[in-house]
Number of protein chains: 2
Amino acid sequence: MTLSEQIMADLAGEIASGAWPPGHRIPFEHELMVRYGCARATVGKAVNALAERGLLERRRKAGTFVAAPRIASAVLQIPDIRAEVEARGLSWRWRRLGLGMRRPDPKGRAASLGVNGPLLEVRGVHVAGGAPFAHETRLINLAEAPTAADESFTTEAPGAWLLAHAPWSEARHEISAANPDLDIAEALRVPTRHACLVLERWTWRAGAGITYARQVFPGENFTLAASFAP
Amino acid sequence: MTLSEQIMADLAGEIASGAWPPGHRIPFEHELMVRYGCARATVGKAVNALAERGLLERRRKAGTFVAAPRIASAVLQIPDIRAEVEARGLSWRWRRLGLGMRRPDPKGRAASLGVNGPLLEVRGVHVAGGAPFAHETRLINLAEAPTAADESFTTEAPGAWLLAHAPWSEARHEISAANPDLDIAEALRVPTRHACLVLERWTWRAGAGITYARQVFPGENFTLAASFAP
DNA sequence: TAGTGGTCTAGACCACAGC
DNA sequence: CTGTGGTCTAGACCACTAG
């Protein structure tokens, strides 16, 4: 435990315990540096780290204050389906259902990728312990990942292949609930009235769209977790 | 734009453009400090900030490397239902459906709050432009928020009241999909076969459970967004 | 063992918001 | 104005680890 980590932990402790309620002005940097017998940069590192986490608010000339808790954002755990399945002690495999070329649909969900050229479409099911776990529809921009056209994706899921062959630098996710279409419901072996969690993902590299994925989980199969621990 | 921000932007640009692919070793701190004519602490600040974001990976003696993109986590926007509704130009109001006391159920969803004492239960509907938007079930730990017992929550939603009267310091969220129970389906005026997005939230302060909330959105009403922009 | 990042020091100057 | 935080400097020593 370094000194700045110790200072950070001490300050966080005062806040978590309620000794310093929201709005409370914490000691000035100069006071803390006397208290800990260290340089100003060291206390500054600790205080700034807590401010970046949203636990403190810094105002010039006024001081540093305990922030009011806000429910603005949280860190969402994005699942890797294979790892998720195997972590439960189940076998995982990918079963391809379809493969084909698509022209970009300007009204479709993948339109925001901003791709005009041809897209490779892969559809399939993630199978966990012999039972369908999730359905995936995947569109791949062949301009950015041309060798994808040589892949069959019969046993390898397109996500893992893409991560190795066309790394991305920017991603967007949307989470929603929907009743599955008939073909997806059949692939998942659930009725169409069965609530499903839908996770959509768009990824880019240097502004160019790489891939769009739509993963459909039967409601009881899967829960996304997010935490906010200031 | 400070110098360390400039350095950070330059490094991020090299990565986003693909000039520095994953695995590439970026210049040593000493080289960067010569290139920018600044102190090592300044380049260190920039490089460490990118490493904290997961864009770079630092290894002693070996150097600093461009990290392979991982879909491990993303920043999730947690909705404030009232703000969400009003941002769409719709009127918002809260309609309370029920109020009562509950003993903690050791098998229930709220058990992980770790509360043994009495809980206040509030149920109600968020109404957007006259139509049901979301159903909320709320449990409040009266030991931590005793004045909640004096509130009726007929027009004020419990979430806003709690934020003002019992600030929290730690939160956990779970997102899932489910078919609504009959009473919730009736309150939302959808059939029970209608897929709904379920957002659950647990909050604590100094380790003591404050509240549990379960919000149910008809599937077409609501989408959660998460972004990952290294 | 040599060289990297990790951490810290003891200053400095500045912008800016309170008083 | 005053004093806070924001940023930076030019060093230092240390821990770790890759070669």
Side-chain angles (χ1 to χ4, degrees), chain A residues 1-16 19-70 72 230, chain B residues 1-16 19-70 72 230:
Chain A
M1 168 89 66
T2 67
L3 179 54
S4 65
E5 282 174 338
Q6 182 62 54
I7 298 172
M8 208 189 318
D10 289 352
L11 300 179
E14 299 280 7
I15 295 166
W20 290 351
H24 174 84
R25 206 213 73 222
I26 79 166
F28 297 125
E29 286 194 357
H30 183 72
E31 301 177 63
L32 289 173
M33 100 189 223
V34 170
R35 179 180 304 181
Y36 287 95
C38 68
R40 202 184 129 213
T42 307
V43 304
K45 186 179 176 183
V47 174
N48 280 322
L50 293 177
E52 273 175 27
R53 286 205 218 167
L55 198 49
L56 295 174
E57 214 171 314
R58 312 202 75 177
R59 293 208 303 276
R60 276 185 161 97
K61 169 70 183 174
T64 300
F65 301 83
V66 177
R70 301 160 297 115
Chain B
M1 169 89 66
T2 66
L3 178 55
S4 65
E5 283 173 338
Q6 181 61 55
I7 297 172
M8 207 188 321
D10 289 352
L11 300 180
E14 299 280 7
I15 296 166
W20 289 352
H24 176 83
R25 205 213 74 224
I26 78 166
F28 296 126
E29 287 195 354
H30 183 73
E31 302 178 63
L32 289 173
M33 113 190 209
V34 170
R35 179 181 305 182
Y36 286 96
C38 67
R40 199 183 132 213
T42 305
V43 303
K45 186 179 175 183
V47 174
N48 280 322
L50 293 177
E52 274 175 27
R53 286 204 217 168
L55 199 49
L56 295 174
E57 214 172 315
R58 312 202 73 178
R59 292 206 303 275
R60 277 185 162 97
K61 168 71 183 173
T64 301
F65 301 83
V66 177
R70 301 162 296 115

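Protein chains get the first letters and strands the later ones, always in sequence-line order, with residue 1 at the start of each.
- At least one side-chain nitrogen or oxygen of B:Asn48 sits closer than 4.0 Å to the OP1 or OP2 atom of C:dG6.
- Residue B:Ser4 has a polar side-chain atom (N or O) positioned under 4.0 Å from OP1 or OP2 of D:dC8.
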Assess whether salt bridge (charged side-chain N to carboxylate O under 4.0 Å, His left out) is satisfied between B:Glu31 and B:Arg25, documenting all intermediate values. CA-CA 12 Å; B:Glu31 302 178 63; B:Arg25 205 213 74 224; 3.5 Å; yes
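- Residue contacts for B:Ala62: at a heavy-atom cut-off of 4.0 Å it reaches the sugar-phosphate backbone alone, with no base atom in range.
- In this structure, the nucleotide among C:dA10, C:dG18, C:dT4 sitting nearest to the side chain of A:Ala39 is C:dA10.
- A donor N or O paired with an acceptor N or O is found under 3.5 Å between the base of D:dG5 and the side-chain atoms of A:Arg40.
- Here D:dA18 presents its P atom at 15 Å from CZ of B:Arg58, a figure rounded to the nearest Å.
- Side-chain atoms of A:Asn48 and A:Glu52 form no donor-acceptor pair, as typed in the model, at a separation below 3.5 Å.
- Mapped onto DNA chain C by nearest heavy atom, B:Phe28 and A:Thr42 fall at different nucleotides, with B:Phe28 at the one closer to the 5' end.
- As a whole-Å value, the separation of B:Tyr36 OH from D:dT9 C1' is 18 Å.
- Following rounding to the nearest Å, A:His30 (NE2) and C:dT9 (C1') show an atom-to-atom distance of 15 Å.
- Atom P of nucleotide C:dG6 and atom CD of B:Glu57 are separated by 12 Å, given to the nearest angstrom.
- In this entry the distance linking NZ of B:Lys45 with P of C:dC8 reads 16 Å, nearest Å.
- Under 4.0 angstrom from either OP1 or OP2 of C:dG18 there lies no side-chain N or O belonging to A:Arg60.
- Geometrically, A:Arg59 engages A:Phe65 in a cation-pi contact, judged by NZ or CZ lying under 6.0 Å from the ring centre and within 45° of the ring axis.
- Between A:Gly63 and A:Ala41, the residue whose closest nucleotide on DNA chain D is further toward the 5' end is A:Gly63.
- Remark: C1' of D:dA12 and CE of B:Met33 are 12 Å apart, rounded to the nearest angstrom.
- Atom pair B:Ile7:CD1 and D:dT9:P shows a separation of 8 Å (rounding to whole Å applied).
- Using a 4.0 Å cut-off, some side-chain N or O of A:Thr64 falls inside it from OP1 or OP2 of D:dG5.
- The side chain of B:Lys61 approaches D:dA18 more closely than any other nucleotide in the set C:dA17, C:dG6, D:dA18.
- With A:Val43 as the fixed residue, the side chain to side chain contact (heavy atoms under 4.5 Å, CB included) test singles out one of A:Arg35, A:Glu29, A:Met8: A:Glu29.
- Across the protein-nucleic acid pair, A:Gln6 atom CD and C:dC8 atom P stand 11 Å apart, rounded to whole Å.
- Residues A:Arg58 and A:Val47 have side chains in contact (heavy-atom distance under 4.5 Å, counting atoms from C-beta outward).
- For D:dG19, there is no paired nucleotide, since no Watson-Crick or G-U wobble pair has both relevant distances below 3.5 Å.
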